[in-house]
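Note on naming: letters A, B, ... go to the chains in the order of the sequence lines (proteins, then strands), and numbering restarts at 1 for each one. These numbers come from the heavy atoms of this one structure, side chains and all, not from hydrogens, waters or symmetry mates. Worth saying up front: this structure is predicted, and the values here are computed from it rather than measured.
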There are 2 protein chains.
Amino acid sequence: MTAPLRVALDQGTGLSGDPASSLDRLRERARAAAADGAALLVTPEMSLTGYNIGSEAARLAEPADGPLFDAVSRIAADTGVAIVYGFPELADGNVYNAVRFVDAAGSSRALYRKTHLFGDLDRDLFSAGDELVVQVDLGAHRIGLLVCYDVEFPEAVRAHALAGTTLLVVPTALMGPNTSVATLLVPARAMENQIHLAYVNRCDTEGDLDYVGLSALVGPDGTEILRAGPTEALLVGDVDPAATEASRAELSYLGDRRPELYSAPATAPAP
Amino acid sequence: MTAPLRVALDQGTGLSGDPASSLDRLRERARAAAADGAALLVTPEMSLTGYNIGSEAARLAEPADGPLFDAVSRIAADTGVAIVYGFPELADGNVYNAVRFVDAAGSSRALYRKTHLFGDLDRDLFSAGDELVVQVDLGAHRIGLLVCYDVEFPEAVRAHALAGTTLLVVPTALMGPNTSVATLLVPARAMENQIHLAYVNRCDTEGDLDYVGLSALVGPDGTEILRAGPTEALLVGDVDPAATEASRAELSYLGDRRPELYSAPATAPAP
(Lines give C-alpha, C1' and ligand atoms only; values in the text may rest on other atoms or scores of the structure.)
Protein backbone atom coordinates (compact mmCIF):
# COMPACT_ATOMS: atom_id res chain seq x y z
CA MET A 1 0.00 0.00 0.00
CA THR A 2 1.46 3.33 -1.09
CA ALA A 3 1.15 6.14 1.43
CA PRO A 4 -0.77 9.28 0.40
CA LEU A 5 1.29 12.24 -0.77
CA ARG A 6 0.38 15.53 0.88
CA VAL A 7 0.46 18.36 -1.63
CA ALA A 8 0.27 22.12 -1.04
CA LEU A 9 -1.10 24.45 -3.72
CA ASP A 10 0.33 27.97 -3.52
CA GLN A 11 -2.28 30.20 -5.16
CA GLY A 12 -0.47 33.54 -5.29
CA THR A 13 2.74 35.16 -6.46
CA GLY A 14 5.37 37.70 -5.54
CA LEU A 15 5.88 41.01 -7.33
CA SER A 16 6.01 40.68 -11.11
CA GLY A 17 9.51 41.12 -12.48
CA ASP A 18 11.04 40.88 -8.99
CA PRO A 19 12.43 37.37 -8.39
CA ALA A 20 13.82 38.37 -4.98
CA SER A 21 10.32 39.08 -3.68
CA SER A 22 9.06 35.83 -5.19
CA LEU A 23 11.82 33.86 -3.49
CA ASP A 24 11.05 35.51 -0.14
CA ARG A 25 7.43 34.54 -0.60
CA LEU A 26 8.36 30.99 -1.68
CA ARG A 27 10.46 30.53 1.45
CA GLU A 28 7.58 31.61 3.66
CA ARG A 29 5.13 29.36 1.77
CA ALA A 30 7.45 26.36 1.91
CA ARG A 31 7.69 26.75 5.69
CA ALA A 32 3.91 26.93 5.95
CA ALA A 33 3.54 23.90 3.69
CA ALA A 34 6.02 21.99 5.85
CA ALA A 35 4.08 22.97 8.96
CA ASP A 36 0.96 21.53 7.31
CA GLY A 37 2.75 18.26 6.64
CA ALA A 38 3.04 18.73 2.88
CA ALA A 39 5.74 16.85 0.97
CA LEU A 40 5.31 18.87 -2.23
CA LEU A 41 4.62 22.57 -2.86
CA VAL A 42 3.30 23.59 -6.29
CA THR A 43 3.42 27.21 -7.45
CA PRO A 44 1.91 28.94 -10.53
CA GLU A 45 3.34 29.30 -14.05
CA MET A 46 6.44 31.54 -14.15
CA SER A 47 6.10 31.88 -10.39
CA LEU A 48 9.55 33.33 -9.76
CA THR A 49 9.42 36.17 -12.29
CA GLY A 50 5.81 36.85 -13.24
CA TYR A 51 4.22 35.82 -16.53
CA ASN A 52 2.75 38.83 -18.36
CA ILE A 53 5.99 40.83 -18.15
CA GLY A 54 6.82 41.32 -21.84
CA SER A 55 10.51 41.63 -22.63
CA GLU A 56 11.37 41.29 -18.94
CA ALA A 57 10.92 37.56 -19.44
CA ALA A 58 13.94 37.46 -21.73
CA ARG A 59 15.97 39.73 -19.45
CA LEU A 60 15.23 37.58 -16.39
CA ALA A 61 15.70 34.28 -18.23
CA GLU A 62 18.54 32.14 -16.93
CA PRO A 63 19.88 28.61 -17.38
CA ALA A 64 18.11 25.84 -15.49
CA ASP A 65 21.02 25.60 -13.06
CA GLY A 66 21.31 29.35 -12.50
CA PRO A 67 20.86 31.45 -9.35
CA LEU A 68 17.07 30.88 -9.19
CA PHE A 69 17.63 27.13 -8.97
CA ASP A 70 20.29 27.59 -6.29
CA ALA A 71 17.90 29.67 -4.21
CA VAL A 72 14.99 27.22 -4.59
CA SER A 73 17.29 24.30 -3.86
CA ARG A 74 18.21 25.88 -0.51
CA ILE A 75 14.57 26.54 0.35
CA ALA A 76 13.61 22.95 -0.44
CA ALA A 77 16.49 21.50 1.55
CA ASP A 78 15.88 23.86 4.49
CA THR A 79 12.16 23.07 4.71
CA GLY A 80 12.23 19.44 3.56
CA VAL A 81 9.51 20.17 1.00
CA ALA A 82 9.81 19.36 -2.70
CA ILE A 83 9.00 22.38 -4.89
CA VAL A 84 7.65 22.88 -8.41
CA TYR A 85 8.44 26.39 -9.62
CA GLY A 86 8.16 28.26 -12.88
CA PHE A 87 10.73 30.48 -14.59
CA PRO A 88 11.93 31.63 -18.02
CA GLU A 89 14.68 29.22 -18.98
CA LEU A 90 17.54 30.34 -21.22
CA ALA A 91 19.05 27.52 -23.28
CA ASP A 92 20.98 27.72 -26.55
CA GLY A 93 19.76 31.26 -27.09
CA ASN A 94 16.10 30.28 -26.71
CA VAL A 95 13.78 31.22 -23.87
CA TYR A 96 11.35 28.53 -22.66
CA ASN A 97 8.35 28.76 -20.37
CA ALA A 98 9.71 26.18 -17.93
CA VAL A 99 8.86 24.44 -14.69
CA ARG A 100 11.28 22.57 -12.52
CA PHE A 101 10.84 19.90 -9.89
CA VAL A 102 13.27 20.17 -6.96
CA ASP A 103 13.08 17.41 -4.38
CA ALA A 104 13.11 17.74 -0.60
CA ALA A 105 16.89 17.34 -0.57
CA GLY A 106 17.28 20.28 -2.93
CA SER A 107 18.16 18.24 -6.03
CA SER A 108 16.66 18.94 -9.42
CA ARG A 109 14.66 15.95 -10.60
CA ALA A 110 12.91 17.23 -13.73
CA LEU A 111 12.67 20.17 -16.09
CA TYR A 112 9.68 20.66 -18.40
CA ARG A 113 9.30 23.24 -21.17
CA LYS A 114 5.73 24.24 -22.09
CA THR A 115 4.89 22.49 -25.35
CA HIS A 116 1.58 24.20 -26.27
CA LEU A 117 2.08 27.95 -26.59
CA PHE A 118 -0.91 30.18 -25.88
CA GLY A 119 -1.48 32.88 -28.48
CA ASP A 120 0.82 35.83 -28.96
CA LEU A 121 1.28 36.09 -25.22
CA ASP A 122 3.47 32.99 -25.26
CA ARG A 123 4.66 33.08 -28.86
CA ASP A 124 6.14 36.56 -28.57
CA LEU A 125 8.28 35.48 -25.64
CA PHE A 126 8.95 31.77 -25.72
CA SER A 127 10.11 28.88 -27.85
CA ALA A 128 7.99 25.73 -27.55
CA GLY A 129 9.37 22.69 -25.78
CA ASP A 130 9.54 19.44 -27.73
CA GLU A 131 9.32 16.87 -24.96
CA LEU A 132 5.74 16.22 -23.87
CA VAL A 133 6.05 13.69 -21.08
CA VAL A 134 8.46 14.60 -18.27
CA GLN A 135 8.07 12.67 -15.03
CA VAL A 136 9.51 12.25 -11.55
CA ASP A 137 9.09 9.18 -9.38
CA LEU A 138 8.59 10.14 -5.75
CA GLY A 139 8.20 6.93 -3.81
CA ALA A 140 5.47 5.04 -5.64
CA HIS A 141 3.95 8.26 -7.01
CA ARG A 142 4.78 9.07 -10.61
CA ILE A 143 4.49 12.83 -10.97
CA GLY A 144 4.16 14.49 -14.37
CA LEU A 145 4.57 18.15 -15.31
CA LEU A 146 2.57 20.31 -17.74
CA VAL A 147 2.08 24.07 -17.93
CA CYS A 148 -1.22 25.98 -18.26
CA TYR A 149 -2.54 25.71 -21.86
CA ASP A 150 -1.00 22.22 -22.22
CA VAL A 151 -3.67 20.70 -19.97
CA GLU A 152 -6.46 21.92 -22.23
CA PHE A 153 -5.34 19.34 -24.81
CA PRO A 154 -6.66 15.87 -23.98
CA GLU A 155 -3.80 14.33 -25.95
CA ALA A 156 -1.22 15.78 -23.57
CA VAL A 157 -2.82 14.40 -20.44
CA ARG A 158 -3.57 11.06 -22.08
CA ALA A 159 0.10 10.71 -23.00
CA HIS A 160 0.93 11.18 -19.33
CA ALA A 161 -1.62 8.64 -18.14
CA LEU A 162 -0.39 6.08 -20.66
CA ALA A 163 3.15 6.69 -19.42
CA GLY A 164 2.06 5.96 -15.87
CA THR A 165 1.69 9.45 -14.42
CA THR A 166 -0.49 9.19 -11.31
CA LEU A 167 -0.30 12.86 -10.23
CA LEU A 168 -0.19 15.52 -12.90
CA VAL A 169 1.11 18.90 -11.67
CA VAL A 170 0.06 21.92 -13.74
CA PRO A 171 1.30 25.41 -12.84
CA THR A 172 -0.88 27.91 -14.69
CA ALA A 173 -1.71 31.58 -15.25
CA LEU A 174 -5.39 31.40 -16.23
CA MET A 175 -7.05 34.74 -16.84
CA GLY A 176 -10.68 35.78 -17.06
CA PRO A 177 -13.12 35.10 -18.54
CA ASN A 178 -11.85 31.54 -19.07
CA THR A 179 -12.97 30.08 -15.74
CA SER A 180 -14.43 26.98 -17.39
CA VAL A 181 -10.90 25.76 -18.11
CA ALA A 182 -10.46 25.43 -14.34
CA THR A 183 -13.96 24.23 -13.50
CA LEU A 184 -14.71 21.98 -16.49
CA LEU A 185 -11.62 20.89 -18.45
CA VAL A 186 -9.34 20.31 -15.47
CA PRO A 187 -11.74 17.97 -13.61
CA ALA A 188 -12.54 16.23 -16.90
CA ARG A 189 -8.84 15.54 -17.53
CA ALA A 190 -8.46 13.91 -14.12
CA MET A 191 -11.64 11.86 -14.52
CA GLU A 192 -11.10 10.64 -18.10
CA ASN A 193 -7.57 9.48 -17.19
CA GLN A 194 -8.33 8.37 -13.63
CA ILE A 195 -5.39 10.33 -12.21
CA HIS A 196 -4.90 13.06 -9.63
CA LEU A 197 -4.35 16.53 -11.04
CA ALA A 198 -3.05 19.62 -9.23
CA TYR A 199 -3.79 22.88 -11.09
CA VAL A 200 -2.23 25.94 -9.45
CA ASN A 201 -3.10 29.43 -10.62
CA ARG A 202 -2.33 33.06 -9.86
CA CYS A 203 -5.08 35.34 -8.54
CA ASP A 204 -3.72 38.85 -9.05
CA THR A 205 -3.81 41.41 -11.84
CA GLU A 206 -0.74 41.63 -14.03
CA GLY A 207 -0.84 44.21 -16.81
CA ASP A 208 -4.09 43.69 -18.70
CA LEU A 209 -4.65 40.19 -17.32
CA ASP A 210 -6.88 39.33 -14.37
CA TYR A 211 -6.04 35.86 -13.13
CA VAL A 212 -9.00 33.93 -11.77
CA GLY A 213 -7.53 31.70 -9.05
CA LEU A 214 -9.69 28.55 -8.78
CA SER A 215 -6.67 26.34 -8.18
CA ALA A 216 -7.70 22.75 -7.60
CA LEU A 217 -6.63 19.27 -6.64
CA VAL A 218 -8.90 16.80 -8.45
CA GLY A 219 -9.15 13.08 -7.79
CA PRO A 220 -9.33 10.20 -10.31
CA ASP A 221 -13.15 10.22 -10.37
CA GLY A 222 -13.29 13.95 -11.08
CA THR A 223 -14.00 14.88 -7.47
CA GLU A 224 -12.62 18.23 -6.33
CA ILE A 225 -10.46 17.39 -3.31
CA LEU A 226 -9.38 21.03 -3.06
CA ARG A 227 -10.81 24.09 -4.80
CA ALA A 228 -9.59 27.63 -4.15
CA GLY A 229 -11.64 30.77 -4.60
CA PRO A 230 -10.43 33.90 -6.41
CA THR A 231 -8.00 35.11 -3.71
CA GLU A 232 -4.64 34.10 -2.22
CA ALA A 233 -4.60 30.75 -0.49
CA LEU A 234 -2.36 27.87 0.50
CA LEU A 235 -4.42 24.70 0.15
CA VAL A 236 -3.21 21.35 1.42
CA GLY A 237 -4.65 17.97 0.47
CA ASP A 238 -3.73 14.33 0.02
CA VAL A 239 -3.09 12.37 -3.16
CA ASP A 240 -4.22 8.90 -2.15
CA PRO A 241 -3.31 6.00 -4.46
CA ALA A 242 -6.18 4.03 -2.94
CA ALA A 243 -8.57 6.41 -4.75
CA THR A 244 -6.86 5.66 -8.04
CA GLU A 245 -7.03 1.93 -7.44
CA ALA A 246 -10.70 2.08 -6.50
CA SER A 247 -11.54 4.11 -9.59
CA ARG A 248 -9.65 1.81 -11.94
CA ALA A 249 -11.05 -1.33 -10.34
CA GLU A 250 -14.53 -0.16 -11.27
CA LEU A 251 -13.75 0.97 -14.82
CA SER A 252 -10.62 1.24 -16.92
CA TYR A 253 -10.65 4.05 -19.45
CA LEU A 254 -7.07 3.27 -20.42
CA GLY A 255 -7.88 -0.40 -20.93
CA ASP A 256 -11.09 0.26 -22.87
CA ARG A 257 -9.47 2.52 -25.49
CA ARG A 258 -9.51 1.50 -29.17
CA PRO A 259 -6.13 2.91 -30.22
CA GLU A 260 -6.24 1.07 -33.55
CA LEU A 261 -9.19 3.28 -34.53
CA TYR A 262 -7.81 6.65 -33.47
CA SER A 263 -5.37 7.17 -36.29
CA ALA A 264 -7.66 5.84 -39.01
CA PRO A 265 -8.49 8.31 -41.75
CA ALA A 266 -11.89 9.92 -41.44
CA THR A 267 -14.51 8.43 -43.67
CA ALA A 268 -16.54 10.52 -46.06
CA PRO A 269 -20.25 10.86 -45.39
CA ALA A 270 -21.96 7.73 -46.69
CA PRO A 271 -25.50 6.40 -46.81
CA MET B 1 -23.97 32.37 -43.35
CA THR B 2 -25.27 28.94 -42.42
CA ALA B 3 -28.68 28.86 -40.81
CA PRO B 4 -29.00 27.38 -37.31
CA LEU B 5 -30.23 23.80 -37.04
CA ARG B 6 -33.05 23.26 -34.58
CA VAL B 7 -32.56 20.02 -32.66
CA ALA B 8 -34.99 18.19 -30.38
CA LEU B 9 -33.72 15.92 -27.60
CA ASP B 10 -36.16 13.16 -26.68
CA GLN B 11 -35.33 12.21 -23.10
CA GLY B 12 -37.47 9.15 -22.55
CA THR B 13 -38.29 5.77 -24.03
CA GLY B 14 -41.13 3.35 -24.72
CA LEU B 15 -41.60 0.02 -22.97
CA SER B 16 -38.44 -2.08 -22.83
CA GLY B 17 -38.54 -5.01 -25.21
CA ASP B 18 -41.62 -3.61 -26.99
CA PRO B 19 -40.63 -1.90 -30.25
CA ALA B 20 -44.26 -1.21 -31.15
CA SER B 21 -44.71 0.99 -28.09
CA SER B 22 -41.41 2.73 -28.84
CA LEU B 23 -42.50 3.46 -32.40
CA ASP B 24 -45.83 4.86 -31.18
CA ARG B 25 -43.94 7.10 -28.82
CA LEU B 26 -41.47 8.11 -31.52
CA ARG B 27 -44.31 9.12 -33.85
CA GLU B 28 -45.82 11.31 -31.14
CA ARG B 29 -42.45 12.85 -30.32
CA ALA B 30 -41.59 13.52 -33.95
CA ARG B 31 -44.90 15.39 -34.35
CA ALA B 32 -44.15 17.45 -31.25
CA ALA B 33 -40.62 18.16 -32.47
CA ALA B 34 -42.01 19.26 -35.85
CA ALA B 35 -44.47 21.53 -34.08
CA ASP B 36 -41.53 23.09 -32.24
CA GLY B 37 -39.75 23.72 -35.53
CA ALA B 38 -37.08 21.07 -35.04
CA ALA B 39 -35.30 19.65 -38.09
CA LEU B 40 -33.70 16.76 -36.18
CA LEU B 41 -34.97 14.53 -33.37
CA VAL B 42 -32.42 12.58 -31.32
CA THR B 43 -33.46 9.63 -29.14
CA PRO B 44 -31.51 7.57 -26.56
CA GLU B 45 -29.30 4.52 -27.06
CA MET B 46 -31.25 1.45 -28.23
CA SER B 47 -34.34 3.65 -28.18
CA LEU B 48 -36.58 1.30 -30.15
CA THR B 49 -36.03 -1.84 -28.08
CA GLY B 50 -34.63 -0.88 -24.70
CA TYR B 51 -31.02 -1.36 -23.62
CA ASN B 52 -30.77 -3.49 -20.48
CA ILE B 53 -32.89 -6.30 -21.90
CA GLY B 54 -30.43 -9.20 -21.87
CA SER B 55 -30.99 -11.83 -24.54
CA GLU B 56 -34.00 -9.91 -25.84
CA ALA B 57 -31.46 -7.70 -27.63
CA ALA B 58 -30.43 -10.62 -29.83
CA ARG B 59 -34.02 -11.72 -30.36
CA LEU B 60 -35.11 -8.21 -31.41
CA ALA B 61 -32.01 -7.56 -33.54
CA GLU B 62 -32.70 -7.01 -37.20
CA PRO B 63 -30.82 -5.86 -40.31
CA ALA B 64 -30.34 -2.12 -40.74
CA ASP B 65 -32.97 -2.07 -43.49
CA GLY B 66 -35.48 -4.17 -41.59
CA PRO B 67 -38.99 -3.34 -40.35
CA LEU B 68 -37.80 -0.89 -37.68
CA PHE B 69 -36.12 1.22 -40.35
CA ASP B 70 -39.24 1.10 -42.53
CA ALA B 71 -41.35 2.34 -39.63
CA VAL B 72 -38.95 5.14 -38.70
CA SER B 73 -38.61 6.12 -42.34
CA ARG B 74 -42.38 6.64 -42.55
CA ILE B 75 -42.42 8.70 -39.35
CA ALA B 76 -39.59 10.92 -40.61
CA ALA B 77 -41.21 11.43 -44.01
CA ASP B 78 -44.64 12.06 -42.47
CA THR B 79 -43.38 14.64 -39.99
CA GLY B 80 -40.53 16.14 -42.03
CA VAL B 81 -38.13 15.65 -39.14
CA ALA B 82 -34.81 13.80 -39.42
CA ILE B 83 -34.48 11.11 -36.74
CA VAL B 84 -31.56 9.45 -34.97
CA TYR B 85 -32.67 6.18 -33.38
CA GLY B 86 -30.97 3.27 -31.68
CA PHE B 87 -31.51 -0.45 -32.22
CA PRO B 88 -29.72 -3.81 -32.10
CA GLU B 89 -28.42 -4.40 -35.60
CA LEU B 90 -28.02 -7.90 -36.97
CA ALA B 91 -25.29 -8.22 -39.60
CA ASP B 92 -23.31 -11.28 -40.63
CA GLY B 93 -24.44 -13.12 -37.52
CA ASN B 94 -23.20 -10.35 -35.21
CA VAL B 95 -25.32 -8.00 -33.13
CA TYR B 96 -24.18 -4.38 -32.92
CA ASN B 97 -25.31 -1.55 -30.64
CA ALA B 98 -26.23 0.74 -33.54
CA VAL B 99 -27.69 4.16 -34.26
CA ARG B 100 -29.08 5.28 -37.56
CA PHE B 101 -29.66 8.69 -39.08
CA VAL B 102 -32.80 8.95 -41.21
CA ASP B 103 -33.34 12.25 -42.98
CA ALA B 104 -36.54 14.25 -43.27
CA ALA B 105 -37.41 12.49 -46.53
CA GLY B 106 -37.19 9.10 -44.83
CA SER B 107 -33.87 8.05 -46.37
CA SER B 108 -31.10 6.43 -44.36
CA ARG B 109 -28.02 8.61 -44.38
CA ALA B 110 -25.71 6.94 -41.87
CA LEU B 111 -25.32 3.90 -39.66
CA TYR B 112 -22.93 3.82 -36.70
CA ARG B 113 -22.00 0.83 -34.56
CA LYS B 114 -20.80 1.57 -31.01
CA THR B 115 -17.03 1.16 -30.98
CA HIS B 116 -16.30 1.37 -27.22
CA LEU B 117 -18.17 -1.37 -25.37
CA PHE B 118 -19.12 -0.72 -21.76
CA GLY B 119 -18.32 -3.57 -19.40
CA ASP B 120 -20.16 -6.88 -19.45
CA LEU B 121 -23.41 -5.08 -20.11
CA ASP B 122 -22.32 -4.39 -23.68
CA ARG B 123 -19.83 -7.21 -24.15
CA ASP B 124 -22.31 -9.93 -23.32
CA LEU B 125 -24.68 -8.69 -26.01
CA PHE B 126 -22.81 -6.85 -28.72
CA SER B 127 -19.88 -6.96 -31.11
CA ALA B 128 -17.87 -3.74 -31.30
CA GLY B 129 -18.02 -1.57 -34.40
CA ASP B 130 -14.77 -0.86 -36.20
CA GLU B 131 -15.54 2.45 -37.88
CA LEU B 132 -15.10 5.39 -35.52
CA VAL B 133 -16.07 8.41 -37.59
CA VAL B 134 -19.46 8.23 -39.33
CA GLN B 135 -20.92 11.52 -40.52
CA VAL B 136 -23.88 13.05 -42.33
CA ASP B 137 -23.85 16.42 -44.07
CA LEU B 138 -27.13 18.23 -43.52
CA GLY B 139 -26.86 21.54 -45.33
CA ALA B 140 -23.64 23.05 -44.04
CA HIS B 141 -23.85 21.11 -40.78
CA ARG B 142 -21.64 18.06 -40.54
CA ILE B 143 -23.26 15.73 -38.04
CA GLY B 144 -21.35 12.90 -36.40
CA LEU B 145 -22.65 9.91 -34.47
CA LEU B 146 -21.32 8.22 -31.33
CA VAL B 147 -23.03 6.10 -28.68
CA CYS B 148 -22.88 6.51 -24.89
CA TYR B 149 -19.50 5.26 -23.57
CA ASP B 150 -17.77 6.33 -26.81
CA VAL B 151 -18.03 10.00 -25.84
CA GLU B 152 -16.10 9.43 -22.62
CA PHE B 153 -12.98 8.86 -24.73
CA PRO B 154 -11.42 12.17 -25.81
CA GLU B 155 -9.81 10.41 -28.77
CA ALA B 156 -13.19 9.55 -30.26
CA VAL B 157 -14.52 13.09 -30.16
CA ARG B 158 -11.22 14.55 -31.34
CA ALA B 159 -11.31 12.26 -34.36
CA HIS B 160 -14.73 13.70 -35.19
CA ALA B 161 -13.62 17.29 -34.77
CA LEU B 162 -10.57 16.72 -36.96
CA ALA B 163 -12.85 15.18 -39.59
CA GLY B 164 -15.00 18.31 -39.55
CA THR B 165 -17.92 17.24 -37.38
CA THR B 166 -19.68 20.39 -36.16
CA LEU B 167 -22.55 18.71 -34.29
CA LEU B 168 -21.87 15.43 -32.50
CA VAL B 169 -25.00 13.44 -31.69
CA VAL B 170 -24.69 10.94 -28.83
CA PRO B 171 -27.61 8.69 -27.87
CA THR B 172 -26.87 7.25 -24.44
CA ALA B 173 -28.14 5.15 -21.55
CA LEU B 174 -26.25 6.63 -18.61
CA MET B 175 -27.08 5.14 -15.23
CA GLY B 176 -26.44 6.32 -11.71
CA PRO B 177 -24.26 7.15 -9.98
CA ASN B 178 -22.27 8.32 -13.02
CA THR B 179 -23.87 11.77 -13.38
CA SER B 180 -20.48 13.45 -13.84
CA VAL B 181 -20.22 11.89 -17.30
CA ALA B 182 -23.16 14.08 -18.29
CA THR B 183 -22.24 17.17 -16.29
CA LEU B 184 -18.45 17.17 -16.67
CA LEU B 185 -17.15 15.02 -19.53
CA VAL B 186 -19.85 15.91 -22.06
CA PRO B 187 -19.43 19.71 -21.75
CA ALA B 188 -15.64 19.27 -21.75
CA ARG B 189 -15.79 17.33 -25.03
CA ALA B 190 -17.74 20.13 -26.71
CA MET B 191 -15.46 22.83 -25.31
CA GLU B 192 -12.11 21.17 -26.05
CA ASN B 193 -13.18 20.52 -29.65
CA GLN B 194 -15.22 23.69 -30.13
CA ILE B 195 -18.21 21.78 -31.49
CA HIS B 196 -21.87 21.39 -30.57
CA LEU B 197 -22.75 18.16 -28.80
CA ALA B 198 -26.20 16.65 -28.23
CA TYR B 199 -26.27 13.98 -25.51
CA VAL B 200 -29.62 12.26 -25.15
CA ASN B 201 -30.32 9.90 -22.26
CA ARG B 202 -33.08 7.74 -20.82
CA CYS B 203 -34.59 8.59 -17.43
CA ASP B 204 -36.43 5.45 -16.38
CA THR B 205 -35.55 2.31 -14.47
CA GLU B 206 -34.75 -0.77 -16.53
CA GLY B 207 -33.90 -3.92 -14.63
CA ASP B 208 -31.20 -2.99 -12.10
CA LEU B 209 -30.28 0.25 -13.87
CA ASP B 210 -31.57 3.71 -12.94
CA TYR B 211 -30.94 6.10 -15.83
CA VAL B 212 -30.18 9.66 -14.76
CA GLY B 213 -31.57 11.83 -17.57
CA LEU B 214 -29.49 15.05 -17.72
CA SER B 215 -29.64 15.13 -21.52
CA ALA B 216 -27.89 18.20 -22.87
CA LEU B 217 -27.09 20.30 -25.89
CA VAL B 218 -23.71 21.94 -25.31
CA GLY B 219 -22.16 24.74 -27.36
CA PRO B 220 -18.58 25.08 -28.62
CA ASP B 221 -17.47 27.08 -25.56
CA GLY B 222 -18.86 24.46 -23.16
CA THR B 223 -22.06 26.40 -22.48
CA GLU B 224 -25.14 24.33 -21.76
CA ILE B 225 -27.71 25.45 -24.33
CA LEU B 226 -30.15 22.81 -23.06
CA ARG B 227 -30.00 20.68 -19.93
CA ALA B 228 -32.74 18.28 -18.88
CA GLY B 229 -33.48 17.20 -15.35
CA PRO B 230 -34.04 13.59 -14.25
CA THR B 231 -37.52 13.15 -15.79
CA GLU B 232 -39.10 12.85 -19.24
CA ALA B 233 -38.69 15.88 -21.48
CA LEU B 234 -38.60 17.01 -25.08
CA LEU B 235 -36.04 19.82 -25.25
CA VAL B 236 -35.57 21.97 -28.32
CA GLY B 237 -32.61 24.23 -29.06
CA ASP B 238 -30.57 25.68 -31.88
CA VAL B 239 -27.15 24.65 -33.17
CA ASP B 240 -25.80 27.94 -34.44
CA PRO B 241 -22.65 27.84 -36.61
CA ALA B 242 -22.02 31.47 -35.65
CA ALA B 243 -21.20 30.25 -32.14
CA THR B 244 -18.63 27.84 -33.55
CA GLU B 245 -17.07 30.54 -35.69
CA ALA B 246 -16.89 32.98 -32.78
CA SER B 247 -15.28 30.37 -30.54
CA ARG B 248 -12.70 29.37 -33.13
CA ALA B 249 -11.90 32.97 -34.06
CA GLU B 250 -10.82 33.58 -30.47
CA LEU B 251 -8.81 30.39 -30.01
CA SER B 252 -8.14 27.30 -32.10
CA TYR B 253 -7.61 24.14 -30.12
CA LEU B 254 -7.41 22.11 -33.32
CA GLY B 255 -4.82 24.48 -34.77
CA ASP B 256 -2.73 24.64 -31.60
CA ARG B 257 -2.29 20.88 -31.26
CA ARG B 258 1.21 19.35 -31.40
CA PRO B 259 0.37 16.05 -33.15
CA GLU B 260 4.04 15.28 -33.73
CA LEU B 261 4.45 14.94 -29.96
CA TYR B 262 1.41 12.79 -29.20
CA SER B 263 2.73 9.51 -30.52
CA ALA B 264 6.25 9.95 -29.15
CA PRO B 265 7.33 7.25 -26.72
CA ALA B 266 7.17 8.29 -23.09
CA THR B 267 10.49 9.25 -21.57
CA ALA B 268 11.81 7.67 -18.45
CA PRO B 269 12.09 9.85 -15.35
CA ALA B 270 15.30 11.92 -15.64
CA PRO B 271 17.07 14.53 -13.56
A:Ser252 versus chain B, heavy atoms under 4.5 Å apart: side chain, backbone, both or neither? backbone
Heavy-atom pair count under 4.5 Å with chain A, highest-scoring of B:Pro187, B:Ala128, B:Gly222, B:Gly119: B:Pro187
State, to 0.1 Å, how close A:Leu132 and B:Leu261 come at their nearest heavy-atom pair, and which atoms those are. CD2-O, 3.9 Å
Measure distances from A:Val181 to the heavy atoms of chain B and classify the residue's part below 4.5 Å as side chain, backbone, both or neither. both
Quick check: closest heavy atoms across A:Arg258 and B:Thr115, and the distance to 0.1 Å? NH1-O, 2.6 Å
So does A:Arg123 pair up with B:Asp256, basic N to acidic O under 4.0 Å? yes
How many angstroms lie between atom CZ of A:Arg158 and atom CZ of B:Arg158, to the nearest 0.5 angstrom? 12.0 Å
Least distance between heavy atoms, B:Arg257 atom then A:Glu155 atom: NE-OE2, 2.8 Å
Is A:Ile143 in contact with chain B via its backbone, its side chain, both, or neither, using a 4.5 Å heavy-atom distance? neither
Out of curiosity, A:Leu185 CG to B:Met191 CE, how far, rounded to the nearest 0.5 Å? 4.0 Å
In terms of heavy-atom contacts, B:Phe153 and A:Tyr253 come closest through CE2-O, 3.3 Å
What part of A:Tyr149 is in contact with chain B, defined as an atom under 4.5 angstrom from a non-hydrogen atom: side chain, backbone, both or neither? side chain
Non-hydrogen atoms of chain B under 4.5 Å away: do they reach the side chain of A:Asp130, the backbone, both or neither? both
Under 4.5 Å from a heavy atom of chain A, the part of B:Thr183 involved: backbone
Might you confirm whether atom CG of A:Asp70 has over 12 heavy atoms from other residues, nucleotides or ligands at distances under 6.0 Å? yes
